[in-house]
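Inspection log for the structure reproduced underneath, given as structure tokens.
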Amino acid sequence: SNSPKQLSKVSKHPIIVEVMLYYFKNGFNFFILPLGYKKKFFIDFFYNKKNIKKYNLNIVKNAKLDLSKNKLNIILFDAGVNTNKLSRINKSLKFINKSKLFGVCYGDIFANIDFQKLLSFLKKKNILGVLTSFNERSPYGHLKIDKKNRITNFIEKPIMNDPINIGFYFFKRNLFSRSTFSKKDDLETQFLPKLSKKLQLASYMHKEFHFTVNTQKDLIDIKKLFRKNKNFFKNL
């Protein structure tokens, strides 16, 4: 079966490694991978001796968390094949200190987010979580239509009014010790809306680069971007 897209190479490195290296460059050195379907691919990749050396990895094998300051510390565990995103987060909490903030991302999205600004934004606000939003361009040409159904104008791929959620989150760990969610809840469709109804979720607007790898075409496009500019990811 095919390798997961997070392990597809976009530069010299797979997507997930580029994302981790960006977090690392911004002061984060502990990564939790709650694996499910296709877990073998990730285990084979991260336990590979060449990769451990190449990316300066420290594979953490127990909950004592012997973290090394200057390495990418990674814990990989089996969260179950059919677990949704929220369950994976929930199962990862045992590795996170109760007083801490922690980040969540999907491992297939590039964005040059200023994490330190985002974190100070979260700390200043009396809320439990923040998601990163982005004003996306519509992929379509839009029409202006008058009351008689006549087309009065064409707008080519306008920036849409409502921002999108680009899938980089930070939560206060104590959020999950409250009875905010049901174990069956899904992250995007139930948990985040519940949090927003309680006015406990803020949006941090990201205005620079964002690219989601959803399709084979996206993968080709991001590789082209990298080829055009060898330091593309370093400059993110």
Side-chain angles (χ1 to χ4, degrees), residues 1-9 13-20 23-24 28-48 51-52 55 57-67 71-110 128-132 165-196 200-201 212-216 218-219:
S1 64
N2 293 339
S3 170
K5 67 174 169 179
Q6 287 88 347
L7 290 174
S8 303
K9 273 198 171 182
H13 318 311
I15 297 171
I16 193 168
V17 173
E18 285 289 2
V19 173
M20 282 177 169
Y23 271 98
F24 185 69
F28 300 90
N29 72 349
F30 178 41
F31 302 88
I32 301 168
L33 272 64
L35 305 174
Y37 177 57
K38 298 194 175 180
K39 67 176 182 193
K40 190 179 181 302
F41 287 97
F42 291 98
I43 289 166
D44 288 350
F45 178 85
F46 285 106
Y47 277 82
N48 177 296
N51 291 337
I52 287 174
Y55 299 120
L57 307 178
N58 176 32
I59 307 296
V60 181
K61 291 189 181 156
N62 61 30
K64 280 185 193 157
L65 302 183
D66 309 313
L67 301 187
K71 292 191 173 191
L72 291 179
N73 299 281
I74 301 176
I75 200 157
L76 301 99
F77 73 96
D78 187 355
V81 175
N82 298 314
T83 38
N84 67 18
K85 289 169 192 154
L86 190 62
S87 298
R88 285 168 193 246
I89 292 170
N90 207 17
K91 288 180 177 194
S92 302
L93 295 177
K94 59 178 176 280
F95 305 115
I96 300 165
N97 187 309
K98 286 199 167 48
S99 62
K100 289 279 190 333
L101 287 168
F102 67 95
V104 174
C105 77
Y106 303 147
D108 59 2
I109 299 167
F110 295 102
L128 295 171
V130 62
L131 64 76
T132 310
N165 168 15
I166 57 171
F168 287 86
Y169 308 96
F170 280 89
F171 298 111
K172 290 181 179 168
R173 168 69 175 80
N174 63 356
L175 157 62
F176 292 87
S177 50
R178 303 167 185 223
S179 53
T180 316
F181 64 94
S182 141
K183 291 228 161 82
K184 291 175 189 154
D185 278 0
D186 180 60
L187 180 69
E188 289 110 339
T189 56
Q190 287 150 313
F191 178 70
L192 294 176
K194 278 183 188 176
L195 212 50
S196 70
Q200 285 297 333
L201 185 66
T212 303
V213 182
N214 280 326
T215 63
Q216 202 57 38
D218 293 337
L219 202 54

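Values below: all heavy atoms of this structure, side chains included; hydrogens, waters and symmetry mates excluded.
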A side-chain contact here means heavy atoms from C-beta on lying under 4.5 Å apart; do [X] and [Y] qualify?
X: I74; Y: M20; result: yes
X: P34; Y: F77; result: yes
X: Q216; Y: L219; result: yes
X: I16; Y: F46; result: yes
X: I96; Y: F171; result: no
X: F95; Y: V60; result: no
X: Y169; Y: L187; result: yes
X: V17; Y: F45; result: yes

Looking only at non-hydrogen atoms, find the nearest pair between [X] and [Y] and report the distance.
X: L192; Y: L201; result: O-CD2, 3.8 Å
X: L86; Y: D186; result: CB-C, 4.4 Å
X: F31; Y: L72; result: CE1-CD2, 3.5 Å
X: V213; Y: K5; result: O-NZ, 2.8 Å
X: T132; Y: F168; result: OG1-O, 2.9 Å
X: I109; Y: V19; result: O-CG2, 3.6 Å

For [X], give me all partners under side chain to side chain donor-acceptor pair (under 3.5 Å), at least two apart in sequence or on another chain.
X: N29; answer: none
X: N48; answer: none
X: T212; answer: H210
X: K39; answer: D78

Using the test side chain to side chain contact (heavy atoms under 4.5 Å, CB included), find all partners of [X] that sit at least two apart in sequence or belong to another chain.
X: T215; value: K217, D218
X: D44; value: K40
X: K172; value: L101, L122, L128, N174

Whether K100 engages the ring of F30 as a cation-pi pair (distance to the six-membered ring centre under 6.0 angstrom, angle to the ring normal within 45°) should be assessed.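 Verdict for F30: no cation-pi partner in K100.
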Any side-chain to backbone donor/acceptor pair from N73 onto K71? Under 3.5 Å, distance only.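 Yes.
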Return yes if some donor-acceptor pair links the side-chain N/O of N84 with the main-chain N/O of D185 below 3.5 Å, else return no.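 Confirmed, N84 side chain pairs with D185 backbone.
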Do you know which of S8, P4, S3 makes side-chain contact (heavy atoms from CB on, under 4.5 Å) with Q6?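 Single pass found, and it is P4.
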With distance as the sole criterion, is a donor-acceptor pair present between the side chains of N90 and S87 under 3.5 Å?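 No - no donor-acceptor pair under 3.5 Å links their side chains.
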Which distance, rounded to the nearest 0.5 Å, do you find between the CG of N214 and the CG of D108?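 It comes to 6.5 Å.
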Between atom CZ of F41 and atom CG of N2, what is the distance when rounded to the nearest 0.5 Å?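 Between F41 CZ and N2 CG, I get 7.0 Å after rounding to 0.5 Å.
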Taking only residues at least two apart or on different chains, which pairs with a member in residues 79-93 satisfy salt bridge (Lys or Arg N to Asp or Glu O under 4.0 Å)?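 Non-adjacent pairs meeting salt bridge (Lys or Arg N to Asp or Glu O under 4.0 Å): K85-E188.
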Results of ring pair (Phe, Tyr, Trp, His ring centres under 6.0 Å) for F28 - residues two or more places apart only: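 Result, ring pair (Phe, Tyr, Trp, His ring centres under 6.0 Å) vs F28: Y23, F115, F170.
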